[in-house]
Amino acid sequence: MADDEEAVELVGGGGEAAADKDTMSSTLYDRFDEWRSHRYILPRHYKLQTEEDTRKYSLWSVNFMIMCSAINTKMLNPNFAIMCNPYSGNPESFPDTEPFGFNSATYFLPMCTLVGVAIASIFIGTLSDRLGRKILMLVLGWVSAVGSIVKYFTRHTFWSFCISNFIFGFFLGNLPIGMAYIGDIEQNKKRKEHLLGMLVGCFVLGNSGGGIIAVLMADVGLFTPLWIGAGLMFIANILSHRYMIEPTKDIAETPVDIEDKFTLNEDDEDVIRPDLIDQKTLWNIVGGALLDNIGSTGLFPLCLSPLALETYYSQFVAVNEPPIMSILAYQWLSVCVALLVIPSTQMTPWFFEKLGVAGVCVFGNSCTAIVTSLLLMIGAAFPATNLSFGFFVFVMYAGFPFTVFSQLTTGPMLDAIAPEDKIGFVQGLNNASMNFGMALAPWLFGLLADATNTNVAIITGICFSIGAALANAPLMRHPLMGKQTPKPPPQKRILKGEDEEIVQKMLSGNYVDPELTLEIAKTRAKNGLPTVVPRVRPYAEEKGDLGKLAKEASATFEFRRELADRILAALANRERAENEFSKEELVQFLNTVSRGNSSNQNDELIHQATSDLGVWMGEVSFVFCRISEAQLIIYCLILTAQLMRFPFLQYLEDNGYSPHTASVLMKQMFMTAFPRLVDDGPQVTEDNVEEYLIRQRRVMNSYAEHKKKTTLLGTFARSAGGYHGHGWW
């Protein structure tokens with residue numbers, strides 16, 4: 001009795017617990033209903049990952065900010081030569097540039113800005129890693145907008161303008177933030193290279209755009225373009241505040257397919273980042289980039305100013321003759337040459353594939369040395385004529401896109417060795433080395449040209465370019481930067497998003513359930529990708545597995561028959577078929593799933609697979625069987641077997657057949673096993689689809705029902721030695 005009372009007591013306790021649980025659930029549901037009525041704000045970084053338009057607007061706001069900063073950096077460059085010439089006749093020129101001469105003063109002005117940018121770049125990337133990309137981008141942008149206005153009011157003396165350029169140059173170095181931002185939100189290697197190319201293109205467009213604005217506003221004033229720069233920075237800040245979204249590091253950055261579709265991309269290749277920076281490789285890249293930027297100064301600007309300016313303008317003006325190149329032409333040449341970086345960004349992916357990133361870098365260094373040498377030869381060794389000037393411009397504009405390759409490779413090389421939390425740091429080093437080279441080299445070369453002559457300064461630049469090529473050459477052996485091993489075509493590899501085990505079995509030539517095979521084919525067709533082309537296993541390799549292959553064949557035959565029945569039923573009931581699928585759609589489905597997307601198939605692979613299967617099945621015997629003379633048929637079969645050792649003939653001999661005495665019977669057996677399915681070519685059309693399906697169903701049905709008298713299936717399933725080499729065989 002005591003036990004029963006205890007049991008009741010336990011049950012009663014359980015009832016109270018259940019009641020408490022119901023009360024809690026009721027409270028939870030009430031709170032949930034109340035919570036649903038509250039206003040909520042979805043964090044924007046979720047939209048950055050899931051909404052393509054949001055992602056696009058965020059990237060373009062960053063690109064526009066980078067472009068506007070580049071415009072402000074290079075805004076007055078075409079006017080520096082006039083500013084630093086007290087005898088130019090322009091009232092806004094500086095009264096003096098002591099202690100510098102004309103060349104060194106002309107290059108000292110942009111150097112002040114670029115040194116500020118270079119110093120800031122060392123720290124900007126690391127700060128953005130810690131504080132965030134957006135907040136730092138906006139701080140730099142607003143200070144730069146104010147800086148353009150301040151610089152306008154310091155225009156009266158050379159040194160006050162240089163100091164303001166240096167101070168506000170610290171706030172123009174936002175390129176590392178933009179490059180790190182792309183590294184944050186894009187994990188696919190190929191798409192990342194594309195986005196980095198677009199960013200660099202916007203940066204270069206800004207460099208050129210600033211000079212174009214200065215040339216167009218030359219009659220208004222040498223310093224007036226600064227107001228345009230301030231206005232552009234104001235707009236860029238507003239757009240970045242509105243559209244730029246700070247990425248989060250806590251969750252995946254790859255955009256989610258909001259339609260929840262299984263999508264494939266044959267070029268998907270996620271970036272695998274290291275845990276630590278390879279210091280030796282890092283400083284090799286940075287040092288090579290610094291040498292490259294110093295060497296590039298010999299090409300631009302030295303080949304334009306002073307070489308072209310002295311050869312085609314100054315020497316003619318000195319003797320009161322009309323110059324071949326006017327000052328306006330010089331300004332346009334200097335600002336438009338930067339636009340040639342845009343085609344360079346479009347060509348680099350092809351060169352990356354052929355030479356590797358480091359190989360392209362060395363190629364760019366070499367091109368810089370060659371193009372600079374040609375320009376020096378034309379400008380210094382040939383008489384100054386309209387023809388020589390035309391050749392000079394042609395060589396500069398034709399060769400410049402290839403010389404920029406070396407500068408476009410530094411970012412991808414550094415990104416490849418950057419850990420997740422050091423992306424901004426390494427891109428900051430990249431920008432710092434670039435700007436230190438661009439800042440110091442022109443001024444130092446200007447001093448060298450004033451002390452010696454222009455030719456000596458340009459030859460020195462050529463030597464630096466050769467040194468950069470030698471310094472970067474060891475990087476070609478780096479596994480991430482050398483020429484990459486070409487990936488197999490999509491027909492012969494597993495694509496991202498596919499079931500690796502299933503596709504690997506298909507590629508290996510092993511049996512895969514027909515339903516899974518169809519699913520893989522449908523998915524690839526839906527994504528516009530070619531179908532899988534399995535390896536044809538040699539007869540000697542699968543000789544012991546033919547029995548298993550024959551047993552598994554029944555499921556394939558029945559599946560194909562059921563699929564054909566379903567389509568035939570749809571075609572027979574036209575009204576219903578039109579509501580579900582049109583005849584054209586059914587034909588397209590059959591052709592695409594069974595034969596692949598015809599627009600992107602690899603004909604060489606198809607031919608090779610067909611040839612391999614022909615070797616297994618004795619394809620050549622079909623060709624020779626068209627000849628009517630039986631003796632010639634027998635002779636060709638035997639000769640072919642001897643010369644090419646066809647595995648199919650070896651199979652026949654191993655299993656008791658005598659093809660050399662029964663070639664006509666062999667033809668009959670092949671034609672019975674593989675009857676004609678279409679009369680007018682391999683493609684299924686709306687005219688022959690029903691005939692094709694009916695004939696296919698007949699064949700599949702005979703296989704599925706194991707009609708061994710009209711098929712080789714039963715023969716293939718038998719073991720070697722089951723037949724005798726006498727009588728009919």
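Computed over heavy atoms, backbone and side chain alike; hydrogens, waters and symmetry mates excluded.
Here the CD1-SG distance, from Ile458 to Cys463, works out to 12.5 Å after rounding to the nearest 0.5 Å. A distance of 8.0 Å separates CE of Met217 from CD1 of Ile213, quoted to the nearest 0.5 Å. Rounding to the nearest 0.5 Å gives a distance of 5.0 Å between OG of Ser128 and CD1 of Ile177. The line from CZ of Phe400 to OG1 of Thr368 is 8.5 Å long, rounded to the nearest 0.5 Å. Note: Leu333 CG to Phe300 CZ = 9.5 Å, rounded to the nearest 0.5 Å. In this structure, Ile277 CD1 and Gln279 CD are separated by 6.0 Å, a value rounded to the nearest 0.5 Å.
Partners of Ile119 according to the side-chain contact (heavy atoms from CB on, under 4.5 Å) rule, which considers only residues two or more places apart in sequence or in another chain, are Val115, Phe123, Phe166, Phe170, Phe436. For the side-chain contact (heavy atoms from CB on, under 4.5 Å) test, residues two or more places apart in sequence or in another chain that qualify with Phe64 are Met67, Cys68, Ile235, Ala236, Leu239. In terms of the side-chain contact (heavy atoms from CB on, under 4.5 Å) criterion, residue partners of Met244 (sequence neighbours excluded) are, by chain and number, Ser58, Ser61, Val62, Arg133, Lys134, Met137, Tyr181, Ser240.
In this structure a side-chain-to-backbone donor-acceptor pair under 3.5 Å is missing from Arg130 to Leu127. Although no hydrogens or angles enter the test, the distance criterion places no donor-acceptor pair under 3.5 Å between the side chain of Ser326 and the main chain of Pro323. Checking side-chain atoms of Thr409 against main-chain N and O of Ser406 turns up a donor-acceptor pair under 3.5 Å. Between the side chain of Asp129 and the main chain of Phe425, a donor-acceptor pair closer than 3.5 Å is present.
Side chains of Leu216 and Ile212 form a contact here, defined as non-hydrogen atoms less than 4.5 Å apart. With a 4.5 Å cut-off on side-chain heavy atoms, Asp415 and Val426 do not count as touching. Proximity of Pro442 to Phe108: side-chain heavy atoms (C-beta onward) are nowhere separated by under 4.5 Å. When side chains are defined from C-beta on, Thr73 counts as touching Leu114, because their heavy atoms get closer than 4.5 Å. The shortest distance between side-chain heavy atoms of Gln315 and Val319 does not fall below 4.5 Å. Counting heavy atoms from C-beta on, the side chains of Ile324 and Tyr313 never come closer than 4.5 Å. Residues Phe161 and Phe223 meet the side-chain proximity criterion, which asks for heavy atoms closer than 4.5 Å. Side-chain contact between Leu309 and Leu304 is absent, with no heavy atoms from C-beta onward closer than 4.5 Å.
Taking the six-membered ring where tryptophan is involved, the planes of Phe405 and Phe402 are perpendicular, since the angle between them exceeds 60° and thus also 30°.
For the residue pair Ser366 and Ala469, the shortest heavy atom distance occurs at OG-CB, 4.2 Å. Nearest heavy-atom pair, Ala384 versus Thr311, reported as atom, atom and distance to 0.1 Å: CB-O, 3.6 Å. The minimum heavy-atom distance linking Val371 with Gly399 is given by the pair CG2-CA, 3.9 Å. Nearest heavy-atom pair, Ala471 versus Leu291, reported as atom, atom and distance to 0.1 Å: CB-CD1, 4.0 Å. Nearest heavy atoms, Gly437 versus Ile294: CA-CG1, 4.3 Å. Nearest heavy atom pair, residue Asp278 against residue Thr281, reads OD2-OG1, 2.8 Å.
Counting heavy atoms of neighbouring residues, nucleotides and ligands inside a 6.0 Å radius, atom CZ of Phe464 does not exceed 12 of them. Residue His156 qualifies as enclosed at atom NE2: its count of foreign heavy atoms under 6.0 Å is above 12. Remark: Tyr152 OH is packed, more than 12 non-hydrogen atoms of other residues, nucleotides or ligands lying under 6.0 Å away.
Applying the ring-ring contact (aromatic ring centres under 6.0 Å, His included) test to every pair with at least one member in residues 354-381, sequence neighbours left out, gives these pairs: Phe351-Phe363. Sequence neighbours left out, the pairs with a member in residues 379-399 that pass side chain to side chain donor-acceptor pair (under 3.5 Å) are Thr385-Ser388.
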Counting only pairs under 3.5 Å, give me each side-chain donor-acceptor contact of residues 92-102, with atom names and distances, residues two or more places apart or in other chains.
{"residue": "Glu92", "atom": "OE1", "partner": "Leu222", "partner atom": "N", "Å": "2.6"}
{"residue": "Ser93", "atom": "OG", "partner": "Ile82", "partner atom": "O", "Å": "2.8"}
{"residue": "Ser93", "atom": "OG", "partner": "Ser88", "partner atom": "OG", "Å": "2.6"}
{"residue": "Ser93", "atom": "OG", "partner": "Asn90", "partner atom": "O", "Å": "3.3"}
{"residue": "Asp96", "atom": "OD1", "partner": "Glu98", "partner atom": "N", "Å": "3.4"}
{"residue": "Thr97", "atom": "OG1", "partner": "Phe100", "partner atom": "O", "Å": "3.2"}

Worked check of side chain to side chain contact (heavy atoms under 4.5 Å, CB included) between Ile285 and Met481: CA-CA 11 Å; Ile285 297 171; Met481 301 170 198; 3.7 Å; yes
Side chain to side chain contact (heavy atoms under 4.5 Å, CB included) evaluation trace for Thr157 with Ser160: CA-CA 6 Å; Thr157 64; Ser160 63; 2.5 Å; yes
Worked check of side chain to side chain contact (heavy atoms under 4.5 Å, CB included) between Met65 and Met233: CA-CA 7 Å; Met65 175 68 84; Met233 288 304 301; 3.8 Å; yes
Side chain to side chain contact (heavy atoms under 4.5 Å, CB included) between Asn365 and Asn472, worked out: CA-CA 9 Å; Asn365 298 144; Asn472 288 317; 2.9 Å; yes
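Of the N and O atoms on the side chains of Ser164 and Thr154, at least one donor lies less than 3.5 Å from an acceptor on the other residue. Counting only N and O atoms by type, the side chains of Ser148 and Asn72 include a donor and acceptor under 3.5 Å apart.
Phe80 and Tyr107 have their aromatic ring centers separated by at least 6.0 angstrom. Ring-centre distance between Trp142 and Phe234: below the 6.0 Å cut-off. In this structure, the ring of Tyr243 has its center no less than 6.0 angstrom from the ring center of Trp60.
With Phe171 as the fixed residue, the side chain to side chain contact (heavy atoms under 4.5 Å, CB included) test singles out one of Ile124, Val146, Leu140: Leu140.
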